[in-house]
Q: 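Got a structure here, written out as structure tokens. Questions coming.
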Amino acid sequence: MSAVVAYLDVAATTRVDPRVAEVVLHWMTEDFGNAGSRTHEYGARAKKAVQQARSFLADTVGAKTEEVIFTSGATESNNIALLGLAPYGEKMGRKHIITSAIEHKAVLEPLLHLQETRGFTVDFLEPGPSGRITVEAVLERLRPDTLVVSLMHVNNETGVIQPVAELAEHLRSTPTYLHVDAAQGYGKVPADLTAPIDLISISGHKIGAPKGVGALITRRRGWEKVPLEPIMFGGGQERKLRPGTLPVPLIMGLYEAAKVFHENREAWEREARWMREQILKALSATRFHLNGDQEHTVPHILNVTFDQLNAEALIVRLKDQVAIATGSACTSASYTPSHVLKAMQLPDDVAANGLRFSWFPAQAQGFDPQPLAETIARMQPQQD
């Protein structure tokens, strides 16, 4: 890859922070013990370190240490949360679920599975052009048999922040649980996740941790646990919800990344907003449409459709300047219109050609948006 290619695809993944990589290597090569080994100091050190990581992550969302379950990432956390609630829903006759049509496939596909194979009814709410689901729209669909509402924190394609904190306050007095996929929002909009959300999915590689580690927060209501059943078996680790040897190096990498991000979040936000302004200023020389409510968005994600330009052709043309994407990394290889932009009821030519720019300032140092904008402007047909 050419050194001049700027990386503006952090919504897909981030570079591992060097401080994080150092910590991961330490727990791979020096303190390499199994946290489940109780007969020697190697295991004891690993167990203590994991508990420190668990405690810190719990603090960042206002949860208790024992409410943090380590997983391989948000996809697994989503599956445990949604498929793990299903047996309780079947037992109690509560087989109605509310979600949005703009969720990540890691939420949509488990819910479609429940609908198609286990008789659950799922309402997929569409947000309209704002890309933001309203609390009122959710509450209007609430029923006595609604088991769970699953609503993402920050949309991975548009960056639009969903009203999960407000929704949590409304649902807390009902028997309906709230699950939030916070893969894109964890660390970036921290106050929202301290609301009384029952289940929160976290992914490490969105904040500078390695791929393959995340967490599920399972917040109690008073003394009541969320009635989850395991979807995997063997070993009994993580309160029997996620069996398997704990990946101590990855967990410690997630811990370090969360600490680094927490300590530098204000500077990160300030720099991300500055970069956003520079990109938009440069793009003013082009004809474009911003997709999603710009009053409720994270500072580091822009979804843009350029008038009369094909998104895939544009990506090919820009590949030597910048790394960007058409949408979710899990689905962008299919070259189909974004399900998110389609659910926002945008015109077909807009929905089919949205481009996502997403950045961490430290991972895009030296990026000058002006040449990028000039290339795009030259590609656009001249107006009469």
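Quick caveat: nothing in here was measured; it's all calculated off a predicted structure.
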Q: Looking at Arg287, is its backbone amide N or carbonyl O close enough to the side chain of Gln380 to form a donor-acceptor pair, meaning the two atoms are under 3.5 Å apart?
A: yes
Q: Taking the side chain from Thr146 and the backbone from Arg143, do they hold a donor-acceptor pair closer than 3.5 Å?
A: yes
Q: Can you name the one residue among Thr326, Thr297, Asn291 that meets side chain to side chain donor-acceptor pair (under 3.5 Å) with Asn303?
A: Asn291
Q: Checking Lys259 against Tyr255: charged group under 6.0 Å from the ring centre and within 45 degrees of the axis?
A: yes
Q: If every non-hydrogen atom of Arg242 is compared with every non-hydrogen atom of Ile80, which pair is closest and at what distance?
A: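 Closest heavy-atom pair between Arg242 and Ile80: CG-CD1, 4.0 Å.
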Q: If you draw a 6.0 Å radius around NE2 in His262, do more than 12 non-hydrogen atoms from other residues or ligands fall strictly inside?
A: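 Not buried by this count: 12 neighbours or fewer within 6.0 Å.
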Q: May I have the step-by-step check of side-chain hydrogen bond (donor to acceptor under 3.5 Å, both in side chains) for Asn78 and His179, ending in yes or no?
A: CA-CA 8 Å; Asn78 292 338; His179 166 250; 3.2 Å; yes
Q: Check step by step if side-chain hydrogen bond (donor to acceptor under 3.5 Å, both in side chains) holds for His289 and Asp307.
A: CA-CA 8 Å; His289 174 77; Asp307 295 352; over 6 Å; no
Q: How about Leu8 and Phe367: do any of their side-chain heavy atoms sit closer than 4.5 Å?
A: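 Yes, close enough: below the 4.5 Å cut-off.
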Q: Is it true that Asp145 and Lys95 have a side-chain N and a carboxylate O under 4.0 angstrom from each other?
A: no
Q: Between Lys281 and Glu277, is there a side-chain N and carboxylate O pair less than 4.0 Å apart?
A: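 Between Glu277 and Lys281 there is no salt bridge, as every charged N stays at least 4.0 Å from the carboxylate O atoms.
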Q: Are Asp198 and Arg172 close enough, and set up right, to give a salt bridge (charged side-chain N to carboxylate O under 4.0 Å, His left out), and what steps lead you there?
A: CA-CA 9 Å; Asp198 301 291; Arg172 198 63 171 175; 2.8 Å; yes
Q: Is the closest side-chain heavy-atom distance between His26 and Asp31 below 4.5 Å?
A: yes
Q: Any non-hydrogen side-chain atom of Tyr7 less than 4.5 Å from a side-chain atom of Val322?
A: no
Q: Is the terminal nitrogen or CZ of Arg45 (NZ for Lys, CZ for Arg) located under 6.0 angstrom from the six-membered ring centre of Tyr42 and within 45° of that ring's axis?
A: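 Yes, Arg45 sits over the ring of Tyr42.
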Q: Would a distance-only check, ignoring hydrogens and angles, find a side-chain to backbone donor-acceptor pair under 3.5 Å from Thr99 to Ser150?
A: yes
Q: With a 4.0 Å cut-off, would you call Glu90 and Arg118 a salt bridge?
A: yes
Q: Looking at Arg132 and Asp293, is any side-chain nitrogen of the basic one under 4.0 Å from a carboxylate oxygen of the acidic one?
A: no
Q: Is Val213 reachable from Val20 through a run of I, L, V, M, F, W or Y residues, each pair having side-chain heavy atoms under 4.5 Å apart?
A: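 Looking at the clustering, Val213 is in a separate group from Val20.
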Q: Please report the C-alpha distance between Phe120 and Leu82 in whole Å, then the side-chain angles of each, then the deciding distance to 0.1 Å, and finally whether the side-chain contact (heavy atoms from CB on, under 4.5 Å) criterion is met.
A: CA-CA 12 Å; Phe120 281 76; Leu82 298 171; over 6 Å; no
Q: For a quick test of reading the model, state the closest non-hydrogen atom pair linking Gly354 to Thr305 and the distance between them.
A: CA-OG1, 3.5 Å
Q: Same hydrophobic cluster for Val180 and Val189, using side-chain heavy-atom links shorter than 4.5 Å among ILVMFWY?
A: no
Q: Measure the spacing between CZ of Arg54 and CG of Asp59 and express it to the nearest 0.5 Å.
A: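 Those atoms lie 13.0 Å apart.
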Q: Hey, is CZ on Arg265 packed in by over 12 heavy atoms from elsewhere, all under 6.0 Å?
A: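 Yes, the 6.0 Å shell around CZ holds more than 12 heavy atoms from other groups.
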Q: Does Phe261 have any ring pair (Phe, Tyr, Trp, His ring centres under 6.0 Å) partners at least two apart in sequence or in another chain, and if so, which?
A: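 Once residues adjacent in sequence are excluded, the partners of Phe261 under the ring pair (Phe, Tyr, Trp, His ring centres under 6.0 Å) criterion are Trp268, Phe360.
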Q: Between Gln278 (side chain) and Gln370 (backbone), is there a donor-acceptor pair under 3.5 Å?
A: no
Q: Within a reach of under 6.0 Å around CD of Glu41, are more than 12 heavy atoms found that belong to other residues, nucleotides or ligands?
A: yes
Q: Is a salt bridge present between Arg270 and Glu266, judged by a nitrogen-to-oxygen distance below 4.0 Å?
A: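 Salt bridge: no.
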Q: Between Lys342 and Asp348, does any side-chain N to carboxylate O distance fall below 4.0 Å?
A: no
Q: Atom CD of residue position Glu22 - does it have more than 12 heavy atoms of other residues, nucleotides or ligands inside 6.0 Å?
A: no
Q: Begin with the C-alpha distance, continue with both residues' side-chain angles, and end with the deciding distance and a verdict on side-chain hydrogen bond (donor to acceptor under 3.5 Å, both in side chains) for Gln115 and Thr121.
A: CA-CA 6 Å; Gln115 181 173 259; Thr121 300; over 6 Å; no
Q: Indicate yes or no for a side-chain donor-acceptor contact from His40 to the backbone of Gly43 under 3.5 Å, with no hydrogens or angles considered.
A: yes
Q: Hey, does the side chain of Ser201 reach the backbone of Leu216 with a donor-acceptor pair shorter than 3.5 angstrom?
A: no
Q: Compare every heavy atom of Ala325 with every heavy atom of Asp9, then report the nearest pair and how far apart it is.
A: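 Distance-wise, the nearest heavy atoms are OD1-CB, 3.6 Å.
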Q: For Lys64, is there any backbone N or O sitting under 3.5 Å from a side-chain donor or acceptor partner on Glu67?
A: yes
Q: Of all heavy-atom pairs between Met379 and Leu309, which one has the smallest distance, and what is that distance?
A: O-CD2, 3.5 Å
Q: Just one of Glu271, Gln294, His300 clears the side chain to side chain donor-acceptor pair (under 3.5 Å) bar with Arg276, so which one?
A: Gln294
